[in-house]
Amino acid sequence: MHDAIIVGGGPAGLSAALLLGRARRRVLLVDAGEGRNARSHAIHGFLTRDGTPPAEFRRMAQEELRRYPSIELRQGEVEAARRNRDGFAVTLAGQTTESRSLLLATGLADELPDWPGLDEAYGTDIWHCPYCDGFERQDEPLAVHGAGHDAVRLAIEVRNWTGDLVACTDGPVSQADRDRLAALNIGLREGRVTALRVEDGRLRALRFADGRELERAGLFLAIAQRPRSALAESLGCKLTAAGQVRANRHGGTDIPGLFIAGDASPGLQMAVVAAAQGSIAAFHLNAGLLKQESHPQ
């Protein structure tokens, strides 16, 4: 019987494991190795780790966790989870492991456009977060793509990194949005993007349905997301309209003993924030265990 099982080995899950390991809790961290930022060249905005490749960040974090004898790291995918009398039963590689509590740090998956050329340049010249990648491409000719107002909103955000910016909206936008873009000197293309021109792995241009091209050096995407795992729903959790699990500010859900941290939970999606959420959820998870131990039934 573990004190906690953590599903997901990104910044949230790793930070949660560290705090629980320091609290001398018996922890099992299960990582499927499918991080959302796997295609990124570096993590940014994370103090002391700014510019660190995601794979190197995970390696260093796992090395730190191995110093704690009560933490077990296991590679694999959790196939199912259910509540039982003592907490939770988790199925991994056909075997069931039990735990008094469960923390899901399974993250989100981005729903990328189905464009020829996108996969070649994704993570190099194509991104979704300007706070993560905008500084390195400042003052370059950039574009933003999204459905209508979503593209306008992101373009206004990206405008701080470059004065050469075009919003691509895949259709007409309101006059109010047109006025906002014009006031900030942001270009507008309302035609539908159908492909990208990529040469030697680098973005060269966006191609529209009418055959015309817009030459750009980088592209930010305003895209939909979906939960990477169905475990939370299978346990009875409700999702927000954005596909994240409903939870309180401590990561607690309506299911006793079940916590959420990282991109799967509501809030700002950045590595440093996910790490903080993991620590917060772990603190309150441990507080729940302490309460159980001091008030046995």
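Quick note: residue numbers are just sequence positions, from 1.
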Margin query: Using the rule given for salt bridge (Lys or Arg N to Asp or Glu O under 4.0 Å), can you reason through R192 versus D170, listing the C-alpha separation, both sets of side-chain angles and the distance that settles it, and then say yes or no?
Written below: CA-CA 4 Å; R192 185 168 60 90; D170 272 358; over 6 Å; no
Next item on the list: Take F88 and E98, measure what side-chain contact (heavy atoms from CB on, under 4.5 Å) needs, and give me the verdict at the end.
Entry: CA-CA 6 Å; F88 298 88; E98 294 188 332; over 6 Å; no
Check: Mind checking whether W127 and F220 have parallel, tilted or perpendicular rings, split at 30° and 60°?
Finding: tilted
Hey, can you pull the donor-acceptor pairs under 3.5 Å for the side chains in residues 6-18, sequence neighbours left out?
from	atom 1	to	atom 2	distance (Å)
S15	OG	P11	O	3.0

Notebook entry, point to check: Less than 4.0 Å between a side-chain N and a carboxylate O, is that true for R178 and E190?
Noted result: yes
Note to self: If hydrophobic clusters are built from ILVMFWY residues whose side chains come within less than 4.5 Å, do V152 and V158 share one?
What the structure shows: yes
Check: Of all residues at least two apart in sequence or in a different chain, which pass the salt bridge (Lys or Arg N to Asp or Glu O under 4.0 Å) check with D31?
Finding: R58
Checklist line | Pairwise distance CG(L29) to CG(L103) - rounded to 0.5 angstrom | finding: 9.5 Å
Check: Considering residues, nucleotides and ligands other than Q175, do more than 12 of their heavy atoms fall under 6.0 Å from its CD?
Finding: yes
Notebook entry, point to check: Are the side chain of N84 and the backbone of G87 linked by a donor-acceptor contact shorter than 3.5 Å?
Noted result: yes
Check: Are V30 and L258 in one and the same hydrophobic cluster, where Ile, Leu, Val, Met, Phe, Trp and Tyr link if side-chain heavy atoms are under 4.5 Å apart?
Finding: yes
Margin query: I'd like to know if the side chain of H41 pairs up with that of T124 as donor and acceptor (distance under 3.5 Å, no hydrogens or angles considered).
Written below: yes
Check: With a cut-off of 6.0 Å (strictly less than), are more than 12 heavy atoms of other residues, nucleotides or ligands near CG of N185?
Finding: no
Check: Under 3.5 Å, side chain of S99 to main-chain N/O of I5, donor-acceptor pair present?
Finding: yes
Note to self: Is there a side-chain contact between L28 and T97 in this structure, where contact means two heavy atoms from C-beta onward sitting under 4.5 Å apart?
What the structure shows: yes
Item checked: side chain to side chain contact (heavy atoms under 4.5 Å, CB included) partner of L102, chosen from V90, T253, I260, I255 -> V90
Check: Should V166 and I186 be counted in the same cluster of Ile, Leu, Val, Met, Phe, Trp and Tyr side chains packed under 4.5 Å apart?
Finding: no
Check: Is there a donor-acceptor pair under 3.5 Å between the side chain of S174 and the backbone N or O of D177?
Finding: yes
Item checked: Derivation of the side-chain contact (heavy atoms from CB on, under 4.5 Å) call for R25 and H2 -> CA-CA 8 Å; R25 293 298 184 182; H2 293 87; over 6 Å; no
Notebook entry, point to check: Is there side-chain contact between H149 and V173, with at least one heavy-atom pair below 4.5 Å?
Noted result: no
Check: Does atom CZ of R59 have more than 12 heavy-atom neighbours, drawn from other residues, nucleotides or ligands, at distances under 6.0 Å?
Finding: yes
Margin query: Counting only heavy atoms not in D200 (residues, nucleotides, ligands), do more than 12 fall under 6.0 Å from its CG?
Written below: no
Check: Does a side-chain heavy-atom distance below 4.5 Å link T91 with V78?
Finding: no
Notebook entry, point to check: Rounded to the nearest 0.5 Å, how far apart are CD of E77 and OG1 of T106?
Noted result: 10.5 Å
Margin query: If you count every heavy atom of other residues, nucleotides or ligands that lies below 6.0 Å from D254 atom CG, does the total exceed 12?
Written below: no
Margin query: Taking the basic N atoms (NZ, or NE/NH1/NH2) and the acidic carboxylate oxygens, is any pair closer than 4.0 Å for E213 and R197?
Written below: yes
Check: Does the pair D210/R212 count as a salt bridge with the N-to-O cut at 4.0 Å?
Finding: yes
Do any side-chain atoms of residues 267-277 form donor-acceptor pairs under 3.5 angstrom with protein atoms, and if so which ones, sequence neighbours left out?
from	atom 1	to	atom 2	distance (Å)
Q269	OE1	R36	NH1	2.6
Q269	OE1	R36	NH2	3.2
Q269	OE1	Q225	NE2	2.9
Q269	NE2	Q225	OE1	3.2
Q277	OE1	G262	N	3.0
Q277	OE1	S265	OG	3.4

Item checked: From CD (Q138) to CG (N160), nearest 0.5 Å -> 10.0 Å
Item checked: Distance-minimising heavy-atom pair for L239 and P227 -> CD1-CG, 4.0 Å
Margin query: Can you tell me how far apart CZ (F57) and CD1 (I43) are? Round to the nearest 0.5 Å.
Written below: 5.0 Å
Check: Is L188 linked to L206 within one hydrophobic cluster, defined over Ile, Leu, Val, Met, Phe, Trp and Tyr using a side-chain heavy-atom separation of less than 4.5 Å?
Finding: no
Check: Where do H128 and D110 land on the side-chain contact (heavy atoms from CB on, under 4.5 Å) test, with the steps shown first?
Finding: CA-CA 9 Å; H128 61 270; D110 296 310; 3.7 Å; yes
Item checked: Closest non-hydrogen atom pair, F259 against H250 -> CD2-O, 3.9 Å
Donor-acceptor pairs are to be reported for all side-chain atoms of residues 112-120 against protein atoms at under 3.5 Å, with residues two or more places apart or in another chain.
from	atom 1	to	atom 2	distance (Å)
W115	NE1	V193	O	3.2
D119	OD1	R39	NH1	3.1

Notebook entry, point to check: Would you call D164-R216 a salt bridge at under 4.0 Å N-O?
Noted result: yes
Checklist line | Derivation and outcome, side-chain contact (heavy atoms from CB on, under 4.5 Å), residues L289 and S101 | finding: CA-CA 8 Å; L289 295 177; S101 57; 4.3 Å; yes
Next item on the list: Inspect the contact between R74 and E72 and indicate whether a charged nitrogen and a carboxylate oxygen are less than 4.0 angstrom apart.
Entry: yes
Check: Do you know the tightest heavy-atom contact between S294 and K291?
Finding: OG-O, 3.2 Å
Note to self: Does any part of the side chain of L20, heavy atoms only, come nearer than 4.5 Å to the side chain of N286, both counted from C-beta?
What the structure shows: yes
Note to self: Please give the remaining members of the hydrophobic cluster of F283, linking ILVMFWY side chains under 4.5 Å, ordered by chain and number.
What the structure shows: L19
Check: At their closest point, which heavy atom of V198 faces which heavy atom of G201, and how far apart are they?
Finding: CG1-C, 3.6 Å
Notebook entry, point to check: If you take all heavy atoms of A4 and L285, which pair is closest and at what distance?
Noted result: CB-CD2, 4.0 Å
Notebook entry, point to check: Can you name the closest pair of heavy atoms from A222 and L154 and give their distance?
Noted result: N-CD2, 3.7 Å
Notebook entry, point to check: Any side-chain heavy atom of I156 within less than 4.5 Å of one from L184?
Noted result: yes
Notebook entry, point to check: Just wondering, do L108 and R228 contact through their side chains at under 4.5 Å, heavy atoms?
Noted result: no
Notebook entry, point to check: Taking the hydrophobic residues Ile, Leu, Val, Met, Phe, Trp and Tyr, and joining any pair whose side-chain heavy atoms are under 4.5 Å apart, which ones share a cluster with M60?
Noted result: none
Margin query: Taking A93's backbone N and O only, do any of them form a donor-acceptor pair with E79's side chain (distance below 3.5 Å, no angle check)?
Written below: yes
Check: Are any non-hydrogen side-chain atoms of L73 and R66 less than 4.5 angstrom apart?
Finding: yes
Item checked: Salt bridge R100-D3, side-chain N to carboxylate O under 4.0 Å -> yes
Margin query: Side chains of L196 and I126, heavy atoms from C-beta outward: is any pair under 4.5 Å?
Written below: yes
Margin query: For the NE2 atom of H44 and the SG atom of C129, what is their distance to the nearest 0.5 Å?
Written below: 10.0 Å
Next item on the list: May I ask you to say whether R137 pairs ionically with E140, meaning some side-chain N is under 4.0 Å from a carboxylate O?
Entry: yes
Margin query: When you group the ILVMFWY residues by side-chain heavy-atom contacts below 4.5 Å and let the links chain together, are L142 and L219 in the same group?
Written below: no
Notebook entry, point to check: Do R189 and F208 meet the cation-pi criteria used here (NZ or CZ under 6.0 Å from the six-membered ring centre, within 45° of the axis)?
Noted result: yes
Note to self: Once rounded to the nearest 0.5 Å, what's the spacing between atom CG of L214 and atom CZ of R204?
What the structure shows: 14.5 Å
